[in-house]
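All heavy atoms count here, side chains included; hydrogens, waters and symmetry mates do not. So you know, we letter chains A, B, ... as the sequences are listed, proteins then strands, and number each from 1. On a predicted model such as this, the values are computed, not experimentally measured, just so you know.
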Protein chains: 2
Amino acid sequence: MGTKGDNNRARIVEAADQLFYKRGYNQTSFSDIADITGIPRGNFYYYFKTKDEILSAVVDARVKQYQAALNDCDKASDDPRERLLAFADMLSSNEDTIVESGCPIGTLCSELAKGNGTLQSKSREVFEVVRDWLAKQFAELGFDDADDRAMDMLARMQGVSVISSAFKDSAYLKRSINDLKVWINGLTLN
Amino acid sequence: MGTKGDNNRARIVEAADQLFYKRGYNQTSFSDIADITGIPRGNFYYYFKTKDEILSAVVDARVKQYQAALNDCDKASDDPRERLLAFADMLSSNEDTIVESGCPIGTLCSELAKGNGTLQSKSREVFEVVRDWLAKQFAELGFDDADDRAMDMLARMQGVSVISSAFKDSAYLKRSINDLKVWINGLTLN
DNA sequence: GTCTATATGTAGATAGAC
DNA sequence: GTCTATCTACATATAGAC
């Protein structure tokens, strides 16, 4: 820990993270990562046995990143409704990248859903973090079907990401994020 | 027309269509298509100059396929609400494949959104057919924001596809399709 | 139109010097 | 730990006989 090697490892993961998002996992080569980091392709095998292991490290990094972001939402307010709104605000600040490349979690899962089962369940881990967090908020709001609500909200955001990216329509994305906030504000038990 | 060559061409497109859906465009090789059709790889270049041209032909085929399916929905009823319900029923009959591989249109667009712009806009064509048809139904129902409604419904279905596929959760898919039908039945002008 | 053989590039992965 | 050189496999694409 704290050695130069760990630093290189982190730089590989960071570059892979960006490339997997912008170009996709299968369309990202070791050469691409080498070009960005300046670390020669051959060195990668000192840190990772296979490309799959790089993906695994990227997913782990994203899990931590999302956990940190959700932690920030938690700290933003004691009211779960406000927390959900803070979460929606995160979407707003990523509008450009969503239109360009879709949702980092959703597009990775969609791509890997067509491949081997190991990568499939690994990529799902990021979704699970967000799902659990959302369910916690709905539970605090008093919903007894909190997990169902979490899935619905997750699906809603994924749909908006897919469509705004497919049509390259940032106006639609803006409108939909606003609709989402209105929906959160209108949430009532019944 | 009507020659053996056209038949082979159609068989290539059909096999590519299935493989692009089940494995993805980038993960489908000429060898894969050759294995299924029995047509040697080299022959493909008699019918298509590049792999991109195969994709183009696949998209054209899907456009026709969806147009035919939407035509069936049109014939099902004079009431646009019933037509939308008929459309939702199509989802029900594809539950298994959606959980396995997601939506054929959405996953292709998501994959190609990360590549070159030509394939990107080509893959969008299938979405445009469905979008226009949905907008027509909402317009007939009297909505003046018919295209916005079409985009919302498109997004809703995409979100459900992404999530049910990511979590391999067919129960969630069933519930969500039902929710969609309830939503269609409850549609009112305001 | 159909087929085999092959060109050419690049992918992931390995070997071994330093 | 870091680097270069290289292996092997397989991708798209081409050439040319039949």
Side-chain angles (χ1 to χ4, degrees), chain A residues 1-59 108 111-112 114-116 118-120 122-123, chain B residues 1-59 108 111-112 114-116 118-120 122-123:
Chain A
M1 41 180 76
T3 70
K4 196 163 176 209
D6 283 355
N7 189 29
N8 274 353
R9 196 194 130 101
R11 286 173 56 220
I12 292 171
V13 172
E14 190 189 348
D17 192 353
Q18 290 300 315
L19 286 166
F20 290 172
Y21 178 37
K22 300 288 184 188
R23 303 189 194 174
Y25 173 72
N26 290 306
Q27 291 307 292
T28 298
S29 70
F30 284 59
S31 297
D32 293 331
I33 305 174
D35 289 344
I36 288 184
T37 58
I39 300 167
R41 314 138 212 63
N43 286 30
F44 294 4
Y45 294 88
Y46 175 75
Y47 302 102
F48 308 95
K49 273 198 289 291
T50 63
K51 190 185 179 185
D52 290 4
E53 281 195 10
I54 299 184
L55 176 84
S56 185
V58 166
V59 169
L108 186 68
E111 180 182 1
L112 299 179
K114 296 178 189 287
N116 89 67
T118 310
L119 295 187
Q120 215 173 107
K122 184 68 194 178
S123 67
Chain B
M1 41 181 76
T3 70
K4 195 163 176 210
D6 282 355
N7 190 27
N8 275 352
R9 195 194 131 100
R11 286 172 56 221
I12 292 170
V13 172
E14 189 189 347
D17 191 354
Q18 290 300 314
L19 287 166
F20 290 172
Y21 178 37
K22 299 288 184 189
R23 302 188 194 175
Y25 173 72
N26 290 304
Q27 291 308 292
T28 298
S29 71
F30 283 61
S31 296
D32 294 331
I33 305 174
D35 289 344
I36 289 185
T37 58
I39 301 168
R41 317 137 211 61
N43 286 30
F44 295 3
Y45 292 89
Y46 175 74
Y47 303 102
F48 309 96
K49 272 199 291 291
T50 63
K51 189 184 180 185
D52 290 4
E53 280 194 10
I54 299 184
L55 176 85
S56 186
V58 166
V59 170
L108 186 67
E111 180 181 2
L112 299 179
K114 295 180 190 289
N116 88 68
T118 309
L119 295 187
Q120 214 172 109
K122 183 68 194 177
S123 66

S.K.: Closer than 4.0 Å, any side-chain N/O of A/Ser31 to the OP1 or OP2 of C/dA11?
M.R.: yes
S.K.: side-chain hydrogen bond (donor to acceptor under 3.5 Å, both in side chains) for B/Tyr25 and A/Asn26? Distances and angles first, verdict last.
M.R.: CA-CA 11 Å; B/Tyr25 173 72; A/Asn26 290 306; over 6 Å; no
S.K.: From C/dG12, D/dA13, D/dT4, pick the nucleotide closest to the side chain of A/Phe30?
M.R.: C/dG12
S.K.: Look at B/Ser29 and D/dA11 and indicate whether a side-chain polar atom (N or O) is within less than 4.0 Å of OP1 or OP2.
M.R.: yes
S.K.: In whole angstroms, how far is the P atom of D/dA11 from the CG atom of B/Asn26?
M.R.: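 Atom CG in B/Asn26 sits about 12 Å away from atom P in D/dA11.
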S.K.: Are OP1 or OP2 of C/dT2 and a side-chain N or O of B/Asn43 less than 4.0 angstrom apart?
M.R.: no
S.K.: What is the distance, to the nearest angstrom, from the CZ atom on B/Arg41 to the P atom on D/dA11?
M.R.: 10 Å
S.K.: Starting from P on D/dT2, measure out to CD1 on A/Ile39 and report it in whole angstrom.
M.R.: 8 Å
S.K.: OP1, OP2 of D/dT2 versus side-chain N and O of A/Tyr46: anything below 4.0 Å?
M.R.: no
S.K.: Among A/Arg41, A/Lys51, A/Arg23, A/Lys22, which one satisfies salt bridge (Lys or Arg N to Asp or Glu O under 4.0 Å) with A/Asp32?
M.R.: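 Of all the options given, the one that passes is A/Arg23.
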S.K.: Centroid separation under 6.0 Å, is that true for the rings of B/Phe48 and B/Phe30?
M.R.: no
S.K.: Quickly work out the B/Asn8 CG to C/dT2 P distance and round it to whole Å.
M.R.: 5 Å
S.K.: When we call it a touch if two heavy atoms are under 4.0 Å apart, what does A/Tyr45 touch: a base, just sugar-phosphate, or nothing?
M.R.: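 Base contact.
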S.K.: At their closest point, which heavy atom of A/Ile39 faces which heavy atom of A/Arg11, and how far apart are they?
M.R.: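 Of all heavy-atom pairs spanning A/Ile39 and A/Arg11, the closest is CD1-NH1, 3.8 Å.
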S.K.: Quickly work out the B/Leu55 CG to D/dT12 C1' distance and round it to whole Å.
M.R.: 15 Å
S.K.: With 3.5 Å as the limit, what N/O pairs link the protein to nucleotides 15-18 of chain C?
M.R.:
none

S.K.: How long is the line joining NZ of A/Lys51 and C1' of C/dA11, in whole Å?
M.R.: 8 Å
